[in-house]
Amino acid sequence: VPYVAGMGKAAELLTEGDKWRDNARVMAENRDRLLDRLKFHLNDLGDDVVRTNGPSDPALRLPNTLSVGLRSVRSGDLLRSIRDRVA
């Protein structure tokens with residue numbers, strides 16, 4: 001029960017005022033900037049190297065999440081190769 005009450009209080013604090021909207025906007029801007037930079041820096045490999053997963057309309061995506069696929073890159077192989085070098 002204390003955890004449920006804590007979650008309720010956290011939701012209440014989150015929705016006070018418009019700060020959560022500002023935070024969501026900043027997160028979405030950062031997400032979009034990261035996607036743009038990935039596409040820019042991988043552009044020499046072709047236009048279709050970076051493919052976004054999820055809704056094609058950015059407004060329908062979670063503001064704090066970017067999911068992409070990279071042409072010819074197998075995710076399992078990539079994860080094994082980077083192991084614990086990234087968070």
Side-chain angles (χ1 to χ4, degrees):
V1 174
Y3 296 116
V4 174
M7 288 296 293
K9 184 62 177 178
E12 179 184 317
L13 292 171
L14 175 71
T15 57
E16 284 180 358
D18 289 334
K19 186 170 182 162
W20 68 271
R21 282 189 180 93
D22 294 337
N23 289 338
R25 180 185 49 74
V26 169
M27 286 186 285
E29 289 170 357
N30 287 334
R31 176 203 63 208
D32 295 343
R33 187 173 71 229
L34 175 58
L35 178 60
D36 290 342
R37 292 184 79 140
L38 281 170
K39 288 180 176 181
F40 176 79
H41 289 288
L42 298 174
N43 188 46
D44 58 335
L45 300 175
D47 291 338
D48 62 342
V49 170
V50 179
R51 174 185 46 84
T52 55
N53 300 319
S56 57
D57 180 357
L60 299 176
R61 297 182 194 148
L62 293 173
N64 64 334
T65 304
L66 176 62
S67 176
V68 297
L70 303 173
R71 186 184 70 218
S72 302
V73 175
R74 295 178 57 158
S75 58
D77 293 341
L78 175 63
L79 290 172
R80 274 188 295 284
S81 72
I82 60 175
R83 299 223 179 224
D84 59 351
R85 289 183 272 172
V86 296

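The basis for the numbers below is simple: all heavy atoms, side chains too, and nothing from hydrogens, waters or symmetry mates.
The side-chain heavy atoms of N64 and N30, taken from C-beta on, include no pair separated by under 4.5 Å. Considering only heavy atoms from C-beta on, R61 comes within 4.5 Å of T52 through its side chain. Counting only heavy atoms from C-beta outward, the side chains of P63 and E29 never approach each other to under 4.5 Å.
For the atom pair OG of S67 and CZ of R51, the computed distance is 8.0 Å after rounding to the nearest 0.5 Å.
When the side chains of ILVMFWY residues are joined at heavy-atom separations under 4.5 Å, either directly or via intervening members, L60 and L62 end up in two distinct hydrophobic clusters. Cluster annotation: L70 and I82 are assigned to the same hydrophobic cluster (Ile/Leu/Val/Met/Phe/Trp/Tyr, side-chain heavy-atom contacts under 4.5 Å, transitive). Linking Ile, Leu, Val, Met, Phe, Trp and Tyr residues whenever their side-chain heavy atoms come within less than 4.5 Å places L66 and L78 in a single cluster. Both L35 and L45 belong to a single network of hydrophobic side chains, linked directly or stepwise wherever heavy atoms of I, L, V, M, F, W or Y lie under 4.5 Å apart. In the hydrophobic cluster analysis, where Ile, Leu, Val, Met, Phe, Trp and Tyr join through side-chain heavy atoms closer than 4.5 angstrom, V73 is grouped together with L38.
Heavy atoms only, all atoms of each residue included: R31 and T65 are closest at CD-O, 3.1 Å. In terms of heavy atoms, D32 sits closest to P58 at OD1-CB, 4.5 Å.
With V49 as reference, L42 is the one residue of N43, L42, V68 to meet the side chain to side chain contact (heavy atoms under 4.5 Å, CB included) rule.
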Walk me through it: do N23 and R25 pass the test side chain to side chain donor-acceptor pair (under 3.5 Å)?
CA-CA 5 Å; N23 289 338; R25 180 185 49 74; over 6 Å; no
Apply salt bridge (charged side-chain N to carboxylate O under 4.0 Å, His left out) to the pair D18 and R21, showing each step before the final yes or no.
CA-CA 5 Å; D18 289 334; R21 282 189 180 93; 2.7 Å; yes
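Under the side chain to side chain donor-acceptor pair (under 3.5 Å) criterion, the residue pairs touching residues 68-80 are D48-R71, D77-R80, with sequence neighbours excluded.
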